[in-house]
Each structure stands twice: as structure tokens, then as C-alpha cells.
Amino acid sequence: MKQKLLAIAVIVLFGMKMHAQQQPSLTLHELIPGGKNFYNYYPKMPRNLTLWGEQAVHAKGNALHHLSSLAEASPLLTLDDLNAAFGKGAFKSLPAVRFPYADANVAEIVAGNGVFLYDVATKQRIAEWKVQGGAANMDFSNEGRMLAYTKGNNLYVLTADGRELAVSNEPNTGIVYGQSVHRNEFGIHKGTFWSPAGSLLAFYRMDETMVTDYPLVDAATRVASLKNIKYPMAGMKSHHVTVGVFHPQTEKIVYLKTGTPKDKYLTNIAWSADSKSIYVAEVNRGQDTMQMKRYDAQSGRLLATLFTETHPKYVEPEQPAIFVKGNDSQFLWLSRRDGYNHFYLYNTDGKLLKQITSGAWEVNKFVGFDEKGQHLFYTSNEASPIETHLYKVNMKTGKRTKLTADVGVHRVQLSPSGKTAVTAYSSLHNAGKVAVINTQKATFAVSYEAKNPFAKVNDMPQVELGSILANDGKTDLYYRLVKPSNFDAGKKYPVAVYVYGGPHSQMVDNSWMGQARGWEIYMAQKGYLVFVMDNRGTSHRGLEFENITHRRLGVIETQDQMSGVAFLKTLPYADTDRIGVHGWSFGGFMTLNLMLRHPETFKVGVAGGAVTDWKLYEVMYGERYMDSPKENADGYDETSMLLKAGNLKGRLLMIHDDMDDVVVPQHLSEFLRSCVKAGTHPDVFVYPGHGHNVSGTDRVHLHEQITRYFDDFLK
């Protein structure tokens, strides 16, 4: 098998030579989020990094400083300044601060109880919007200076003069206003959308009354109590969503006339630059057709269907229309219609003017425009499938310029003028740096470098990044290999495979330590060889790479993971008679796929929060990747772990959370029922009181549990 070794980072951590059974030098409390000492071993990057005009600033202690002068004696603002302006004790620590206005002296402070505007130059309070307890989903209009928020299932607006306007007053909790809909699919992460002028508020209204109640049982009460959630499973009735427009001046609501069928997805809401129209990417229930529609914000009337995108498998819009700065008649649309995620330029009549970016690589994120809208800034993986860099492209000529000089994964902010960008980034060898970029001259200046948090620890496991070929003979699959402390190529090491493998994921990239997780380092310290690989079906590699798994989730992914196992078998130091696998959620599903499709290969598995039958999973995600159970009965049978329970040969630990509202506990109980019928014997551990993920200090216990299982049955 062809192997491409991209980079090797031998990050030596520990001084004393260890045998496989010895206690590792770093504990799970130092390597797992929620651990007592976790942040002592996490790279220290500037906190609250943002741009103040063209200057990068950050929080140090309870003060905001220029990034270029970390020890500056005179900060921009301090906690004491804010408490003097807004009242003693208004803030217990320095809150998040940003500078969204052309007047860079105006700081916007978002805290748990509201939004505050502060004049940095005069050290005076400008205004504040404080909300009462129970408020959530705060969304502030910088232009209109109004705050939208929810309480329970209802939506409110707090005006500049302190009036609380009730957008809704709905007693039925099955009808929800102003919150994210469609179970956060299609890039949806909020439920309110202020117009550019800040005078109108578009919002989602979700009617879930027709959706089946799913019972979760809270066993923490004296007598266990019922907690019903709305959970539409694949093929079942889904909720209905509408989009309203609230006029704060008149306190009236107009609903967009989105028509029938009601059972569809209203995604990626965007306002026109003149605040007169609303653009909605409407996706049908089958998710193979998207129509970009423009509605009149005053009447709710449909003005035009601008264009349609279809695909025999699925379409998945995730970015609203982006209006070109300085040209209200043009907007950008991100689409994978040519196989990769790229920008297309349209006019507001729906005419395609041109494709702005192209190539066998993906745009990751829109970043912004320069002052006149002549250049578009975005991040992409054009340089490498496992890196993210900042580019600018000339809107007229299409000329692209790469603006990030150092290798790695860059997370970028752009100043309002587009003249300055600041990037926080890391790479395999680089624990974290911050650089300031002059986007006009394309200069790149590092202003901050984080220290290696493991610098004083000896014998750290070795981390390698590389790629192998999939069984199609042409597709690169990127992997991370973590070698044990005091690695000796003459020895044989048991193998721990960590897997996720599902859509919207990339587990391997050229970030700090290759994105290696604390549990991988811990296991390598204990003498395991740890292997992680992104199979086909994961993100950032183009549409064909992702949608090849359509209607057969787990099948191609398992083939690719077995290509990884074949690679491991070429390594003389990998004891491939002792391979274990662990994953969570889709990774739990993949753990079961590997254990049950290849029982001769995997001796141990720990499947956390695992999907066991896609008929039991939610409608939006499930029907996108599997179609409905009625349309794809054979595919649902082929991918059901319930029908493969009799294949279990190795030791399998199933872990689930009893309040899981994502992969509901029925997945576990149905799998156990199948195992009983088949005469197989998995082990089970349930975490009480947790949702889909085990968090806080209990997360350390979770990884202790996983590790004990590997130690007991693999070593």
C-alpha cells in the first residue's frame, strides 16, 4: 500500500523510561477537558483576541491590551473602568469585548445578562440592554441598537429606550419562536436575523405540535420523572417552520408566504442590502432540490424564485447569500455544484454573472470584503487538504493571493476596512501563534507565540501525519499515528484505533499535534499505538468524497478504515492481533461497524453514544444521508447494527447517556435486545444525567472507563 509520510513530530515528553504497564506521567486530569489540571497543559493563546480598528488587541488578566505590547502598562480598558461606568460589581471579570463600529472607540460588551456599549476614549457608558433571568439566544442589532432574545419558547425585543416588546406570547411550548430550527442542520445556529438597517427582525417560528413526543426519564428526582422531547425520526412527521418579520415601531408581524408543502426546510436566511427583501434557501423534504427565493419584507409576498439547485443524492446549503460590499445589486452564493465548495456571483434578478473561485479544493469560510468591495477574503484548503489559509480574490479579474505565510490551520478575523487581518493558528510543531497581516501589501508579522505546554515533560509520544490510498487506488486518506513513549521499532505494540468518520468532520489536520486528543496521548504513554484516519464521507474534500456514502452509511467508511488496518499490518511494530477501536456518536456507530463487520480483526471495542439503526435517528440528518426508510429499505437493513448483533466475537463495551436527546437511549436498548436474541454478550455502562456527551469532571471518569476496558481485554 502506498504511504505518503507528510511530517513527523517527535515531541519528546517524559524523562523516565516506561514499561507498558507503568502509570503514565500525565494523568487524564491533565489531558481531558474537565480534568483538574487540563488547562495547565493547554497552549496559552491570547484571550478575547479581536481587532480595534487596524490594531490587534487581547485580554490579559482583567484588562484589554494591544497585542504588540503584552506587558503594556496602559491598557485600552480595564475591569475597573467598566465597573466605574456601569456600576460597582456590574462585571466580576473582564467580559468579551469587540469593536463593531466604524468609530473604533465604541466597544461592545456581551455578558450573560445583556449587551453594553462603552466609549474607550472618554471611559463613559454609552448605553446598556440588561435582560432578566431566563433570557437566552441574545442577538444585538448594532445599527438599530435593539436586543432580541428568548425566554422559554417566546421571543422578545428590548429597545434602546428600555421597552420590552413581546414578539410572541405563546402558551403552547410545542410552538417555538426565535430559536434555531431543523435540529441545527443546514448551517443553522440561530433563530433571529436583524435587517442591515437594524429596524426589522426576521425570526423563525417552529411548530412542533405534530411531532411525536420522545420520553426521556430523569432518574435524579425522588421518583423518576418524565421529560418529553420532540424528536422526529426518519420517515416520521417533522415540524413546520415559518419565517416572520417583526416591526418594532408598529409591533406588527408579517409572515413570509412560503406556501405548501409545509413539510420543507427554510434555510440560510439573508436580508437584501436595502432591507426590503429576504432571501431564503428552501430545501424540499427529500433534500435533493434547493430553490433560492426572494420575499418582500413588508408584505411577505414571494417576489421571485431566483435559481434552483438539484442533485440526485442531496443538496446542503450552509451559508446565506452574501451581498457584495458597495454593490447592493449583487450577491455571492457558496455552492458545490461543480463538485467543490466555491463562490458564484449573482445579481438580484437571479442571473449568474460568473464563478469567482474554482479548483479541486474547498472554500471553508467567507471572511469579508475590502473597503470598496473590490476584493473578497475567504479561507480555503487550496494549499493542502489538511490546512486552512487566508486568501483574497479580485472580484473582477479572479486573481487569488494567499495571505497566510506559515503552514497550519488558520482562524482569521478581518478589520471593517479589510486592510488588516489577524490570524490565530497552529501546526504539528507549533503550539499556537498569532500574526497580523497587511492585506494590501500581503505582509505577515508574527506578534505572539505560545509555549509548548509539554516542554518540561520528557518522553512524549511521537505524532506522525501521513496518507494512504483508499481501496479505489486513487483517493488519499489522511491519518494520524501516535507512537508510544520511548518508542522501540523492534517491539510490538497493541493498537488503539480512534474513529469518528461521519459527515461534517475532519479529525486529522496540520494543527497542534495533528489534532491529537488527550486520550490518544494517554494511551500512547501506556504503551499503545494509536491510529486515527479520516475516511471518505468526511468533510473538506469535495462532494464526491463526501456523498459516496449516500444511502449506505458505514459501508464505504468501514472499507476505508480497513484500508487503514491493512496499512497498520505493514508496520512491523504494530501488533495487529491486538487491535481495539473506540468512537463516540457516529464514531460509536463506526466502532460497531468495525466490530461486527470484521470480528476477526478487532479484539476490543468501546462504542459511545452509538447510532445502532438509522430508522431511530432524527429526520433531517437521517433522510439526507439515507433517504427515508420507505425509499431505502434495503439500505436501512444493510446499515443496521441490530441485524449484525450476532456477529460479535470480541469484547464490546456500550456506553450511553440516559438523557441523550441526539442519539436517544432507544439505540442502546434495541441493540441489547438484538444481542440477547442473538446470544451475544456486550458490556454496558450508562452515565446518568448527561445528554449526548459526557462533560465536566465526569468526562475524566468516562476516559478512565474506556482505558480500563482496553487494559483489561487488549493488553
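Values below: every heavy atom of this structure, side chains too, minus hydrogens, waters and symmetry copies. Note that the structure is a prediction, hence the values are computed from the model and not measured.
- A distance of 11.0 Å separates OG1 in Thr388 from CD in Glu362, rounded to the nearest 0.5 Å.
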Open item on the list: One pair to check against side-chain hydrogen bond (donor to acceptor under 3.5 Å, both in side chains): Ser272 and Asp274. What are the steps and the verdict?
Closed with: CA-CA 5 Å; Ser272 62; Asp274 61 8; 2.5 Å; yes

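- Residues His342 and Ser335 have side chains that never bring a donor and an acceptor to within less than 3.5 angstrom of each other.
- With hydrogens and angles left out, the side-chain atoms of Asn327 and Ser329 include a donor and acceptor closer than 3.5 Å.
- Taking Asn113 as the reference, Ala111, Phe116, Lys130 meet the side chain to side chain contact (heavy atoms under 4.5 Å, CB included) condition, with sequence neighbours excluded.
- Asn137 and Thr150 are linked by a side-chain donor-acceptor pair at a separation below 3.5 angstrom, with hydrogens and angles left out of the test.
- For Glu387 and Asn381, the side-chain atoms include no donor-acceptor pair closer than 3.5 Å.
- The two residues Trp333 and Ala281 come nearest to each other via the heavy atoms CH2-CB, 3.9 Å.
- Between Phe343 and Tyr346, the distance separating the two ring centers is not shorter than 6.0 angstrom.
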Open item on the list: Checking Asp338 against Gln355 for the side-chain contact (heavy atoms from CB on, under 4.5 Å) test, could you report, in this order, the C-alpha distance in whole Å, the side-chain angles of both residues, the deciding distance, and whether it holds?
Closed with: CA-CA 10 Å; Asp338 74 349; Gln355 185 172 350; 3.0 Å; yes

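- Here the closest non-hydrogen pair linking Pro43 and Ala431 is CB-O, 3.4 Å.
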- [ ] Tell me, with the steps shown, if Asn364 and Tyr378 meet side-chain contact (heavy atoms from CB on, under 4.5 Å).
- [x] CA-CA 7 Å; Asn364 298 115; Tyr378 63 91; over 6 Å; no

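- A 4.5 Å side-chain heavy-atom check between Thr401 and Tyr391 finds every atom pair outside the cut-off.
- By the 4.5 Å heavy-atom criterion applied to side chains, Met146 and Pro248 are counted as neighbours.
- When ring centroids are compared, Phe140 and Trp129 come within the 6.0 Å threshold.
- The closest side-chain heavy-atom distance from Gln515 to Arg480 is below 4.5 Å.
- Between Phe99 and Trp52, the two ring planes are tilted [angle within 30° to 60°].
- With a 6.0 Å radius and a threshold of 12 heavy atoms from other residues, nucleotides or ligands, Lys354 has its NZ atom above the threshold.
- Of the charged side-chain nitrogens involved, at least one lies within less than 4.0 Å of a carboxylate oxygen, so that Glu382 and Arg400 count as a salt-bridged pair.
- A donor-acceptor contact closer than 3.5 angstrom links the side chains of Glu54 and Ser415.
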TODO: Kindly indicate, with the supporting measurements, whether the criterion side-chain hydrogen bond (donor to acceptor under 3.5 Å, both in side chains) is fulfilled by Tyr498 and Arg517.
DONE: CA-CA 10 Å; Tyr498 179 76; Arg517 299 185 172 200; 2.9 Å; yes

Please tabulate, for the side chains in residues 407-414, all donor-acceptor contacts under 3.5 angstrom to protein atoms that are two or more places apart in sequence or on a different chain.
from	atom 1	to	atom 2	distance (Å)
His410	ND1	Thr423	OG1	2.8
His410	NE2	Asp406	O	2.8
Gln413	NE2	Leu49	O	2.8

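- Aromatic ring orientation, Phe186 versus His182: perpendicular (interplanar angle above 60°, classes split at 30° and 60°).
- We find the CH2-CD1 distance between Trp519 and Ile32 to be 9.5 Å, quoted to the nearest 0.5 Å.
- Contact detail for Gly432 and Asn430: the closest heavy-atom pair is N-OD1, 2.7 Å.
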Open item on the list: Could you go through Asn37 and His29, starting from their C-alpha distance and side-chain angles, then the distance that decides it, and tell me whether this counts as side-chain hydrogen bond (donor to acceptor under 3.5 Å, both in side chains)?
Closed with: CA-CA 6 Å; Asn37 303 315; His29 275 286; over 6 Å; no

Task: Asn268 and Glu318: CA distance, side-chain angles, deciding distance, side-chain hydrogen bond (donor to acceptor under 3.5 Å, both in side chains) verdict - done: CA-CA 7 Å; Asn268 295 280; Glu318 290 195 282; over 6 Å; no

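- With no hydrogens or angles considered, no side-chain donor-acceptor pair links Ser180 and His189 at under 3.5 Å.
- Annotation for Lys44: atom NZ counts as buried by contact number, over 12 foreign heavy atoms lying within 6.0 Å.
- Residues Leu158 and Glu128 have side chains not in contact (no heavy-atom distance under 4.5 Å, counting atoms from C-beta outward).
- For Lys123, the NZ atom sits in a loose shell: 12 or fewer heavy atoms of surrounding residues, nucleotides or ligands are nearer than 6.0 Å.
- Annotation for Leu465 and Val508: closest pair CD2-CG1, 3.9 Å, computed over non-hydrogen atoms.
- Centroid-to-centroid, the aromatic rings of Phe323 and Tyr279 come within less than 6.0 Å.
- Side chains of Ser585 and His692 form a contact here, defined as non-hydrogen atoms less than 4.5 Å apart.
- Using modelled atom types and a 3.5 Å distance limit, the side chains of Ser511 and Asp509 yield a donor-acceptor pair.
- Around atom OH of Tyr39, no more than 12 heavy atoms belonging to other residues, nucleotides or ligands sit under 6.0 Å away.
- Annotation: side chain of Pro320 is not in contact with side chain of Ile269 (no heavy-atom distance under 4.5 Å).
- Partner of Tyr118 under the side-chain contact (heavy atoms from CB on, under 4.5 Å) criterion, out of Val97, Asn105, Leu77: Leu77 alone.
- No side-chain heavy atom of Leu481 sits less than 4.5 Å from a side-chain heavy atom of Val530.
- With a 6.0 Å radius and a threshold of 12 heavy atoms from other residues, nucleotides or ligands, Arg699 has its CZ atom above the threshold.
- Looking only at side-chain heavy atoms (C-beta outward), Val436 and Thr420 come within less than 4.5 Å of each other.
- Applying the 6.0 Å contact sphere to CZ of Phe366 captures more than 12 heavy atoms from other residues, nucleotides or ligands.
- One finds the CG atom of Leu353 at 9.0 Å from the CZ atom of Phe331 (value rounded to the nearest 0.5 Å).
- Glu546 and Arg336 are joined by a salt bridge, as a carboxylate oxygen and a charged side-chain nitrogen come within less than 4.0 angstrom of each other.
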TODO: In sequence, state the C-alpha distance, the side-chain angles, and the governing distance for Leu201 and Phe193, and then conclude on side-chain contact (heavy atoms from CB on, under 4.5 Å).
DONE: CA-CA 6 Å; Leu201 178 69; Phe193 311 88; 5.7 Å; no

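- Looking at residues two or more places apart in sequence or on another chain, you find a side chain to side chain contact (heavy atoms under 4.5 Å, CB included) between Asp139 and Ala148, Lys190, Thr192, Trp194.
- We find that Glu309 and Arg337 are joined by a salt bridge, their nearest charged nitrogen and carboxylate oxygen being less than 4.0 Å apart.
- To the nearest 0.5 Å, the span separating NE2 on His58 from CG on Leu51 amounts to 13.0 Å.
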